[in-house]
There are 2 protein chains.
Amino acid sequence: MATTTAEIKRTPATEQVLGAALNLFTEQGFFNTSIPDIVKASSVSTGSIYHYFRDKEGIARSLYETLVERMESSFSEIEATHATAHDRCRAAIALLFELTEQEPAVMRFMLFSRHKEFIPDQKPVCSSRPFVQMREMVVAGMESGEVREMTPIVAASAVFGGALRLIQLRLDGILDAPLPDYLDEIWQCAWRSVAV
Amino acid sequence: MATTTAEIKRTPATEQVLGAALNLFTEQGFFNTSIPDIVKASSVSTGSIYHYFRDKEGIARSLYETLVERMESSFSEIEATHATAHDRCRAAIALLFELTEQEPAVMRFMLFSRHKEFIPDQKPVCSSRPFVQMREMVVAGMESGEVREMTPIVAASAVFGGALRLIQLRLDGILDAPLPDYLDEIWQCAWRSVAV
DNA sequence: GTCTATATCCAGATAGAC
DNA sequence: GTCTATCTGGATATAGAC
C-alpha cells in the first residue's frame with residue numbers, strides 16, 4: 001500500500017538511529033553529520049546502522065518518507081473533519097504552527113532541508129502529497145465559491161505563504177513568541193487575500 | 001566602509017571562480033562540490049584558488065557577501081525612487097521576480113541555501129539587511145496609515161510570503177510560466193491582506 | 001601570481017568474530 | 001543481529017617550482 005521505495009524494519013534500534021539522525025541533520029546539516037556522530041548519539045554501532053540502512057543516504061530517505069506519510073495523514077484527517085476551504089486551510093496552518101513548536105526538528109527537516117542534495121532521486125518537497133493536499137484545499141474553495149477565481153497556485157501561495165514564512169522566521173530564531181500566538185492575525189491576512 | 005569580514009581582491013580569476021562556484025553550489029550543493037570541480041569549471045588552478053580564498057568556505061562567504069550587498073543596494077534604490085509603502089513593496093516583489101528569471105542561481109543561493117551549514121558564523125539570511133529593509137517598508141506603511149495596525153513581522157510575512165513562495169515553486173520547477181506573469185495577481189492578494 | 005604534484009586526514013563503507 | 005577493527009577513496013589543503 002505504501003509507495004515508499006526504502007521500507008525499513010522498525011525496531012528499537014532503528015528508532016534510536018532515526019531520532020538521533022533527525023536531530024543531528026537538522027542541527028548541523030546532513031553533510032556535517034558523520035556516521036560516527038550518529039553512532040555516538042544513538043548508541044547503536046556502525047555495523048548495526050549499516051545492517052538496517054543501506055547507507056547514510058538510506059537513513060535520510062527513511063526519515064523523509066516517514067515524515068511525509070505522517071504529515072499526509074494529518075492533512076487527510078483535517079479534510080475529513082472540516083467541511084469548508086476556510087476551515088480546512090485554517091486548520092492546516094494551525095497544525096503546522098503546533099508542530100513547529102512541539103517538534104521543530106521535524107518541521108526543519110520537512111520544510112527547510114535541501115533534500116535534493118542528499119537524496120538525489122527525490123522530487124522536491126513542494127510536489128509531495130502534503131503540499132498537493134494544501135493546494136487542493138484552496139482549489140476546492142474556488143469551486144465552492146469561497147475563494148475568488150484566480151490562478152490556483154497563486155491562490156495557494158497567498159493563503160499559505162505568510163504562515164510558512166512565519167514558520168521559517170520562528171525556526172531561525174527571529175520570532176520570540178510561539179507561533180500559535182500569531183495564528184489569528186496571519187489567518188486574517190491569508191483569508192482576506194483570497195476571499196471573494 | 002563595507003562591513004564585510006572576508007574582503008577579496010577582485011580579479012578576472014576570482015570572478016571566474018565565484019561564477020563557477022555559484023553555479024555549482026546551487027546546482028549540486030556546497031558539499032557535493034569539490035575544489036577539483038571548481039578548478040574544472042573555472043579554469044583556475046587549485047593553487048590560485050587557495051591563493052585568493054583562504055579555503056572553500058571563503059569562496060562561499062565571498063559570494064554571500066557580494067550578493068547581499070548587491071540586493072541591499074537594489075532595495076535602497078527602490079526606497080529612493082518610490083514614495084509609498086504600496087509602491088515600494090510592489091517594486092521589491094517585481095525586482096525579486098525579475099532577478100529569479102534572469103539569474104536563478106543568485107536567487108537560489110540567497111534565499112534557499114542553508115548558509116548556516118557551510119558558513120557557520122553567518123547570521124540567518126532573514127536577519128540580513130535586505131530582509132530588514134523589506135520589513136521596514138511595511139512598517140513605514142503602517143506608520144503612514146496605508147497598512148492596518150498589526151504585529152509588524154506578521155504584516156511583512158503576509159505581504160511578501162506569497163511572492164517568496166512563488167519564487168520557490170518556480171525555482172523548483174513547479175511553475176511553468178515566468179514569475180512576472182503572476183505579479184499582478186499575487187500583488188493584489190498581498191496588498192488586500194494588509195491594506196486598511 | 002599561477003601552476004602541478006603531493007601530503008594528510010577522515011569520511012563512508014566492509015569484514016568477519018561473536 | 002550486533003559489535004569492533006579495518007580498508008579505501010577522495011576531499012581539503014600545502015609545498016614549492018616557475
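Below, each value reflects all heavy atoms present in this structure, side chains not excepted, and no hydrogens, waters or symmetry copies. Throughout, protein chains are lettered first and strands after them, A, B, ... in sequence-line order, and every chain is numbered starting at 1.
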With a 4.0 Å heavy-atom cut-off, tell me which residues in residues 26-40 of chain A come close to DNA chain C, sorted by residue number. Thr33(A), Ser34(A), Ile35(A), Pro36(A)
Do any side-chain atoms of residues 110-118 of chain A form donor-acceptor pairs under 3.5 angstrom with protein atoms, and if so which ones, sequence neighbours left out?
residue	atom	partner	partner atom	Å
Ser113(A)	OG	Phe109(A)	O	3.3
Arg114(A)	NE	Phe112(B)	O	3.3
His115(A)	NE2	Phe109(A)	O	2.7

Residues passing the side chain to side chain contact (heavy atoms under 4.5 Å, CB included) test with Ser144(A), sequence neighbours excluded, are Glu146(A)
I'd like a list of close polar pairs between nucleotides 1-3 of chain D and the protein, N/O only, cut-off under 3.5 Å.
residue	atom	partner	partner atom	Å
dG1(D)	OP1	Lys9(A)	NZ	2.8
dT2(D)	OP2	Tyr52(A)	OH	2.3
dC3(D)	OP2	Ser45(A)	N	3.2
dC3(D)	OP2	Ser45(A)	OG	2.9
dC3(D)	OP2	Ser48(A)	OG	3.0
dC3(D)	O5'	Ser45(A)	OG	3.3

Pairwise side chain to side chain donor-acceptor pair (under 3.5 Å) hits with a residue in residues 100-110 of chain A, at least two apart: Arg70(A)-Glu103(A), Glu98(A)-Gln102(A), Glu101(A)-Arg170(A)
For Ser43(A) and Gln16(A): C-alpha separation, side-chain torsions, deciding distance, then whether side chain to side chain donor-acceptor pair (under 3.5 Å) applies. CA-CA 8 Å; Ser43(A) 307; Gln16(A) 280 288 107; 5.1 Å; no
Quickly, which of Ile59(A), Thr66(A), Leu63(A) forms a side chain to side chain contact (heavy atoms under 4.5 Å, CB included) with Leu22(A)? Name it, please. Leu63(A)
Given Glu15(B) and Arg10(B), is the salt bridge (Lys or Arg N to Asp or Glu O under 4.0 Å) satisfied, shown in steps? CA-CA 7 Å; Glu15(B) 295 300 330; Arg10(B) 313 301 290 240; 2.8 Å; yes
Verify salt bridge (Lys or Arg N to Asp or Glu O under 4.0 Å) between Arg61(A) and Glu57(A), making sure each step is shown before the conclusion. CA-CA 6 Å; Arg61(A) 186 186 306 279; Glu57(A) 182 185 319; 2.3 Å; yes
Would you mind reading off the distance between Glu57(A) atom CD and dA11(C) atom C1', rounded to a whole angstrom? 16 Å
Output the rounded distance in Å from OH (Tyr50(B)) to P (dA11(D)). 11 Å
Send over the distance from Asp55(A) CG to dA13(C) C1', rounded to a whole Å. 9 Å
Residues 153-161 of chain A, side-chain donor-acceptor partners within the protein, below 3.5 Å, at least two apart:
residue	atom	partner	partner atom	Å
Ser157(A)	OG	Ile153(A)	O	2.8

